[in-house]
Peer 1: 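Here it is, the structure in full.
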Amino acid sequence: MIWIITAALWFTLFAGVYLLLSRNLLRCLFGLMMMSSAINLLVFASGRVGSALPPVITESARALTAQDANPIPQALVLTAIVIGFALTCFSLMLAMALLRSGSGMNINTMRTSEPEPTDPIKPPFATDASVLPATLHALPHAATDAAQAASATAAPPPPTRSTPES
Amino acid sequence: MNFLVVSPVLLPLVMAACTALLASRAALQRGVGLLGALVLLVCSIALVDQTAQGHTLQVTFGMWAQPYGIGFSIDRLSAIMLLIAALIGLASLIYLMGDITHHFAMQVPLVFGLLAGVGGTFATADIFNLYVWFEVMLISSLGLLGGGAKLFQLEGAFKYMSLNMLATMMLLTAVSLVYGLTGHLSFEGIRAAWPQVQASTATPVLVLLILALLAKSGAFPLFAWLPPSYPTLPTPVLALFAGLLTKAGTYVILRLLGDVFVRALPVWLNDALGWVACLTMVVGVLCAAYHWDMRHILSLHIISQIGYILLAIALGSRQGFAAALFYTVHNILAKANLFLIAGMVARYTGSYDLRRIGGLYAARLSLGVLFGISALALVGIPPFSGFWAKLLVLRAAYAQGQTVWMALALMVSVLTMYSMMKIWMEAFWKAHPQADAGLPLAHVPACQMRPAWIATLLLTVAILAISLYPQALMGFANAAAQTLGLPAGGLPQ
């Protein structure tokens with residue numbers, strides 16, 4: 001039994017590594033998933049495979065007997081599977097978000113977070129190198145408003161505008 | 001059950017749930033988050049206070065006897081790391097109060113998720129549980145990286161995710177092999193059982209475990225995930241990542257090599273780790289010298305500083321472990337503060353890139369003073385905390401006769417100073433390239449910047465406290481190193 005698991009483990013691991021070495025975004029993610037499945041098999045096998053008796057303590061006994069299966073790796077592998085599943089879901093959502101925001105399938109062309117250098121000595125500017133505070137986006141309006149206010153106070157009041165006092 | 005022992009995990013998890021429920025009310029969410037971070041800080045101060053008297057606080061879940069149950073165990077080493085994590089969490093959340101440009105609804109809950117993962121890593125005494133907390137950190141940090149949803153952020157998140165998933169898979173492989181070899185998962189059980197494992201099978205497993213953790217801490221050949229992902233984050237979150245994630249990796253290396261596996265370490269493993277540390281220091285600082293974007297410069301300095309911590313761990317003596325702990329505490333504070341200040345510089349001058357900014361010395365001298373304190377602390381100029389940290393590392397290296405490592409560490413300090421001087425001269429001394437048009441800082445409302453000032457002042461006060469009164473932390477670090485499961489007189493050389 002252990003040899004069957006070993007063969008399955010190595011086969012899945014190699015398949016995962018092969019897919020991971022691809023330049024295609026989705027193949028990479030599938031490779032990661034297969035590798036994590038292979039390692040789940042390892043976690044399961046680390047408690048030694050042999051018995052198929054469920055690890056349940058009978059009414060008369062106080063502890064598990066030597067013939068019972070080891071329950072700890074089963075608990076561990078359940079945890080690992082759940083965590084792996086969450087990461088798989090996240091990675092697929094990330095791939096969808098990447099494709100929707102205009103990234104290609106080829107991971108070699110993903111260079112917006114570290115752009116290719118254009119200058120032989122100095123690094124390129126980062127995509128978001130310049131951060132203007134939110135107030136600055138309204139700056140042209142603010143400037144013209146201020147200019148209008150200044151001209152309004154400086155200039156004499158227009159004659160057409162009459163107030164009740166005058 | 002003692003609430004204090006589980007507070008590093010329970011409190012952030014509860015806060016993550018509460019703040020997630022308040023996702024639609026941003027101001028209330030941040031207020032509640034700030035309150036939670038304050039309570040977390042108070043709890044961790046209480047933990048430090050209790051462990052300082054020599055107690056090791058332990059709790060085992062489900063009433064199992066110690067080598068079999070999953071437990072938390074908080075000694076001095078864990079407690080001081082928890083305190084620093086809570087402090088950085090608080091500073092980051094204060095800064096977030098004013099940084100509304102990069103906000104998304106789940107940001108604060110994810111910050112608490114990250115703090116829960118970090119707290120669990122520092123508190124746990126079970127190696128599989130440790131793997132679970134690393135995954136909690138990974139998924140929370142992925143949420144924070146991808147939450148901005150811009151293309152460059154998603155690409156950074158993808159690179160971070162694929163390489164970190166490989167590292168956690170290596171970690172899981174090593175953990176399950178350790179279980180297969182010893183039949184134990186708790187640190188106590190492994191510590192007792194590991195010397196009986198045959199060296200020919202034990203060594204590859206140990207190497208795999210250390211490799212996984214080196215990838216997590218961003219050591220030399222395995223740091224490729226860090227440079228593309230960290231600079232895409234908003235500054236307060238970046239400070240949190242820089243302070244806690246890589247240092248969680250080095251903490252676990254210290255815990256495993258210094259405490260759990262210390263009775264059966266192959267001698268060459270420490271030498272190999274020392275050379276990896278030297279390469280990490282040198283390569284990190286040289287990469288940083290190339291960059292002109294403040295976030296890139298500081299991100300690559302994280303890698304360089306990780307080298308110093310690994311070097312101190314690789315010395316394998318109690319003196320070295322104490323130095324590693326002191327260095328970690330100093331470096332978390334200085335590095336996080338530098339990132340926060342870089343964010344303020346960018347808000348005031350309009351850019352993170354040193355080629356587009358300048359003129360802050362005349363316009364905001366007080367920010368220059370804050371930057372100077374943290375930068376000099378990072379470089380290691382005498383009155384500041386970095387000097388004491390580097391002195392401890394060098395003294396421990398000298399005690400082991402590792403003169404080449406000492407020389408490399410000193411050379412890297414000089415190169416660190418080069419990068420800090422570059423930021424100082426370009427951002428503070430040089431005139432702003434668009435000085436005629438008026439600096440953008442006139443248009444930053446003071447009320448938006450007030451939280452940032454409070455956060456950086458908080459961290460600067462902490463740095464100054466360590467700088468001017470290092471005995472307290474040195475004594476604590478020495479006591480922490482004494483209680484690690486180390487045979488008397490260090491490792492056989």
Side-chain angles (χ1 to χ4, degrees), chain A residues 16 20 25 28-29 31-33 35-36 38-40 42-48 70 72-73 75-77 79-80 83-84 86-87 90-91 93-95 97-98 100-103 107 110-115 117 121-136 138-139 142, chain B residues 100-102 128 131-132 135-136 138-139 142-143 146 149-159 161-162 165-166 168-170 172-173 175-181 183 185 227-229 231-232 290-293 295-296 343 346-348 350-353 355-356 440-441 443-445 448-449:
Chain A
L20 188 61
L25 175 65
C28 270
L29 294 181
L32 280 173
M33 289 170 208
M35 284 177 74
S36 89
I39 289 160
N40 286 345
L42 176 73
V43 177
F44 180 70
S46 68
R48 307 297 187 275
N70 186 350
I72 293 179
L76 301 187
V77 80
T79 315
I83 293 173
L87 278 171
F90 183 90
S91 62
M93 286 305 293
L94 185 65
L98 269 170
R100 275 189 186 156
S101 49
S103 158
I107 58 172
M110 289 188 179
R111 295 303 299 245
T112 48
S113 64
E114 27 179 13
I121 297 167
K122 291 197 174 177
F125 287 100
T127 316
D128 61 334
S130 293
V131 284
L132 292 177
T135 47
L136 263 193
L139 188 60
Chain B
I100 47 169
T101 42
H102 304 285
F128 189 80
Y131 154 77
V132 173
E135 293 281 24
V136 171
L138 175 61
I139 199 88
L142 277 173
K150 303 228 174 56
L151 180 59
F152 67 97
Q153 288 170 327
L154 294 172
E155 285 184 1
F158 174 73
K159 291 172 185 180
M161 184 194 70
S162 40
M165 270 176 81
L166 277 180
T168 42
M169 277 180 212
M170 279 160 70
L172 181 58
T173 310
V175 165
S176 62
L177 289 174
V178 166
Y179 174 72
L181 288 175
L185 287 167
S229 59
T232 66
Y290 165 70
H291 279 285
W292 284 77
D293 190 301
R295 293 165 304 174
H296 284 97
R347 288 291 294 282
Y348 279 135
S351 178
Y352 283 103
D353 202 292
R355 288 164 284 187
R356 289 181 182 166
L441 65 91
H443 307 286
V444 182
Q448 270 189 28
M449 294 307 286

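Values reported hereafter were calculated over all heavy atoms of this structure, with side chains retained and with hydrogens, waters and symmetry mates removed. Below, read A as the first sequence line, B as the second, and so on, with proteins coming before strands; counting in each chain starts at 1. Please read these numbers as outputs of a predicted model, since none were measured by experiment.
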Peer 1: Which bit of M169(B) is near chain A, if near means a heavy-atom gap under 4.5 Å: side chain, backbone, both or neither?
Peer 2: both

Peer 1: So which of V175(B), L181(B), L172(B), V136(B) has the largest heavy-atom pair count under 4.5 angstrom toward chain A?
Peer 2: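 Top option by heavy-atom pairs under 4.5 Å: L172(B).
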
Peer 1: Could you pull out the closest heavy-atom pair between W292(B) and P123(A), with the gap in Å?
Peer 2: CD1-CD, 3.4 Å

Peer 1: Could you have a look at Q153(B), M165(B), K150(B) and say which one has the most heavy-atom pairs with chain A under 4.5 angstrom?
Peer 2: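 Of the options given, most contacts go to M165(B).
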
Peer 1: If you count heavy-atom pairs within less than 4.5 Å of chain A, which of L142(B), I139(B), T232(B) leads?
Peer 2: L142(B)

Peer 1: Looking at every non-hydrogen atom in both residues, tell me the closest pair between P231(B) and R295(B) and how far apart they are.
Peer 2: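 Scanning both residues completely, I find the closest heavy atoms to be O-NH1, 3.1 Å.
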
Peer 1: Based on non-hydrogen pairs under 4.5 Å, which of H296(B), E135(B), R355(B) is most in contact with chain A?
Peer 2: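 Most pairs with chain A among the choices: R355(B).
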
Peer 1: K159(B) versus chain A, heavy atoms under 4.5 Å apart: side chain, backbone, both or neither?
Peer 2: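 The side chain, not the backbone.
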
Peer 1: Considering only heavy atoms from C-beta outward, does the side chain of N70(A) approach that of Y179(B) to under 4.5 Å?
Peer 2: yes

Peer 1: Is the shortest heavy-atom distance from the side chain of L42(A) to the side chain of L177(B) under 4.5 Å?
Peer 2: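 They are in side-chain contact.
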
Peer 1: If you draw a 6.0 Å radius around CZ in F128(B), do more than 12 non-hydrogen atoms from other residues or ligands fall strictly inside?
Peer 2: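 Count over threshold, so yes.
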
Peer 1: Answer whether the closest heavy-atom distance between the side chains of L185(B) and I72(A) falls below 4.5 Å.
Peer 2: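 Yes. Closest side-chain heavy atoms under 4.5 Å.
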
Peer 1: Does any heavy atom of chain A fall under 4.5 Å from the side chain of F158(B), the backbone, both, or neither of them?
Peer 2: both

Peer 1: Kindly give the heavy-atom pair with the smallest separation between S113(A) and E155(B), and that separation in Å.
Peer 2: N-OE1, 3.7 Å

Peer 1: Which residues satisfy the side-chain contact (heavy atoms from CB on, under 4.5 Å) test with R100(A), sequence neighbours excluded?
Peer 2: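 side-chain contact (heavy atoms from CB on, under 4.5 Å) check on R100(A) returns M96(A).
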
Peer 1: Check each atom of D293(B) against the heavy atoms of chain A and say whether the ones under 4.5 Å are side chain, backbone, both or neither.
Peer 2: side chain

Peer 1: Please identify, among S176(B), A149(B), G156(B), the residue contributing the most non-hydrogen atom pairs under 4.5 Å to chain A.
Peer 2: S176(B)

Peer 1: Please classify the contact of L94(A) with chain B as side chain, backbone, both or neither, using a heavy-atom distance under 4.5 Å.
Peer 2: side chain

Peer 1: With a 4.5 angstrom heavy-atom cut-off, is it the side chain or the backbone of T79(A) that approaches chain B, or both, or neither?
Peer 2: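 It is the side chain, since no backbone atom gets that close.
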
Peer 1: Indicate the atoms forming the closest heavy-atom contact of F125(A) with D353(B), along with that distance.
Peer 2: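 For F125(A) and D353(B), the tightest heavy-atom pair comes out as CD2-OD2, 3.2 Å.
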
Peer 1: Relative to chain B, which of S36(A), G31(A), A45(A) shows the most heavy atom pairs under 4.5 Å?
Peer 2: S36(A)

Peer 1: Contact part of L32(A) toward chain B, heavy-atom cut-off under 4.5 Å: side chain, backbone, both or neither?
Peer 2: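 Both the backbone and the side chain of L32(A) come within 4.5 Å of chain B.
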
Peer 1: Is I107(A) in contact with chain B via its backbone, its side chain, both, or neither, using a 4.5 Å heavy-atom distance?
Peer 2: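 The side chain, not the backbone.
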
